[in-house]
S.K.: 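Right, I'll just put the structure down here and ask away after.
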Amino acid sequence: MSRRLGIIGAGGHGKVVADTAERAGWSEVLFFDSRFVEGEVRHAHWPIIAAPEESHRHDCDGYFVAIGHGPARQLWCEWLLDRGLPLVSLVDPAATVSQYTVFEPGVLVVAGAVVNVDCTLERGVIVNTLAGIDHDCTVGAYSHICPGSALAGSVSVGEHCWVGIGSQVKQGIHIGRGVTVGAGATVVSDVPDGLTVLGTPARSK
């Protein structure tokens, strides 16, 4: 059965999303992005149909927001939901995700990622390439778990966080809202809202 996915955002992250969607069984992918010329084809496969504001006029079976910046991702996810359009989640078949993971709409899990039992991924979360999320973790809305990063068991990550590439978070840690964890950092104590932490052990900037 043919299924058409409309993707808002046609940048590099959008291409990863489109490829993930095809691997997950979506038969047709359309991009909506005002930064590119209508009719342009991204990476020789996926056409730019129109600006995002026009996406609801096209007959798509699902929609996804492929924008890396969390606040912008939130804006467009809410725009779709406010219009009653189906915001879907995408899981690459080469990811390992427990059947007991709870997904909210708009989540992306990329190839090579692992999400273990009894985790919750809230709206618009990105779990990027080779990231690992162990048991009983919660990742807040519009946060990004970057490539190669690792959350040990029972970690909670607040909304709009950026857990940088190759970073590690010790078991049981709470990371507040709007936190940035620098690339390669090792987080061994709780991080309050709004901080940027760097290094091993991670300390506020």
S.K.: Would you give the length of the straight line joining atom OG of Ser89 to atom CD of Glu104, rounded to the nearest 0.5 angstrom?
M.R.: 9.0 Å
S.K.: I need the minimum non-hydrogen distance between Pro86 and Asp61, along with the two atoms involved.
M.R.: CG-O, 3.4 Å
S.K.: Is it the case that more than 12 heavy atoms not belonging to Asp59 sit under 6.0 Å from its CG atom?
M.R.: no
S.K.: What I'd like to find out is whether the side chain of Leu5 reaches to under 4.5 Å of the side chain of Val88, using heavy atoms alone.
M.R.: yes
S.K.: Determine yes or no for a side-chain-to-main-chain donor-acceptor pair under 3.5 angstrom, with Tyr142 supplying the side chain and His69 the backbone.
M.R.: no
S.K.: How about Val157 and Thr138: do any of their side-chain heavy atoms sit closer than 4.5 Å?
M.R.: no
S.K.: Going hydrophobic residue to hydrophobic residue with side-chain gaps under 4.5 angstrom, can you get from Val16 over to Ile48?
M.R.: yes
S.K.: Find the distance between CD (Gln171) and OG (Ser154) and round it off to the nearest 0.5 Å.
M.R.: 8.5 Å
S.K.: Kindly give the heavy-atom pair with the smallest separation between Pro192 and Val179, and that separation in Å.
M.R.: O-CG2, 3.2 Å
S.K.: Is there a side-chain contact between Arg3 and Glu28, using heavy atoms and a 4.5 Å cut-off?
M.R.: no
S.K.: For Cys161 and Gly176, work out which heavy atoms get closest and say how close.
M.R.: SG-O, 2.9 Å
S.K.: Keeping Arg203 on the side-chain end and Gly199 on the backbone end, is there a donor-acceptor pair under 3.5 Å?
M.R.: no
S.K.: Verify the distance criterion only: is there a donor paired with an acceptor across the side chains of Trp46 and Glu22 at less than 3.5 Å?
M.R.: yes
S.K.: Do Val191 and Val155 sit in one hydrophobic cluster, given that two such residues count as connected whenever their side-chain heavy atoms are within less than 4.5 Å of each other, even indirectly?
M.R.: yes
S.K.: Are Phe64 and Leu80 side-chain neighbours, meaning at least one heavy-atom pair lies under 4.5 Å?
M.R.: no
S.K.: Work out which heavy atom in Gly14 is nearest to a heavy atom in Phe31; give both atom names and the distance.
M.R.: O-CZ, 3.4 Å
S.K.: Between Ile49 and His58, is there a side-chain heavy-atom distance shorter than 4.5 Å?
M.R.: yes
S.K.: For Val197 versus Ala185, what's the shortest heavy-atom pair and its separation?
M.R.: O-CB, 4.3 Å
S.K.: Which pairs would a plain distance check flag for residues 108-134, meaning a side-chain donor or acceptor within less than 3.5 Å of a matching protein atom at least two apart in sequence or in another chain?
M.R.:
unit_1 : atom_1 : unit_2 : atom_2 : d
Asn116 : ND2    : Asp134 : OD1    : 3.3
Glu122 : OE1    : Ala141 : N      : 3.2
Asn128 : ND2    : His144 : NE2    : 3.0

S.K.: Any side-chain heavy atom of Trp26 within less than 4.5 Å of one from Leu90?
M.R.: yes
S.K.: Once you round to the nearest 0.5 Å, how far does NZ of Lys15 lie from NE2 of His45?
M.R.: 9.5 Å
S.K.: Under 4.5 Å between any side-chain heavy atoms of Cys146 and Val163, yes or no?
M.R.: no
S.K.: Could you state the interatomic distance from CZ (Phe32) to OH (Tyr63), rounded to the nearest 0.5 Å?
M.R.: 6.0 Å
S.K.: Identify the heavy atoms of Ser149 and Gly164 that sit nearest to each other, and give their distance.
M.R.: CB-O, 3.5 Å
S.K.: Among the clusters formed by ILVMFWY side chains lying less than 4.5 Å apart, do Val17 and Trp76 turn up in the same one?
M.R.: no
S.K.: Can you confirm whether Leu30 sits close enough to Arg4 that some side-chain heavy atom of one is under 4.5 Å from a side-chain heavy atom of the other?
M.R.: yes
S.K.: To the nearest 0.5 Å, what is the distance between CG (Leu151) and SG (Cys137)?
M.R.: 5.0 Å
S.K.: Answer yes when Asp92 and Arg23 have at least one side-chain N-carboxylate O distance shorter than 4.0 Å, and no when they do not.
M.R.: yes
S.K.: If I take atom CD1 from residue Ile7 and atom NE2 from residue His13, how far apart are they, to the nearest 0.5 angstrom?
M.R.: 9.5 Å
S.K.: Quick one: does Arg73's side chain have a donor or acceptor within less than 3.5 Å of a partner on Gly68's backbone?
M.R.: yes
S.K.: Kindly work out whether a path of hydrophobic side-chain contacts (I/L/V/M/F/W/Y, heavy atoms less than 4.5 Å apart) joins Leu195 to Leu198.
M.R.: no
S.K.: Any side-chain to backbone donor/acceptor pair from Ser143 onto Trp162? Under 3.5 Å, distance only.
M.R.: no
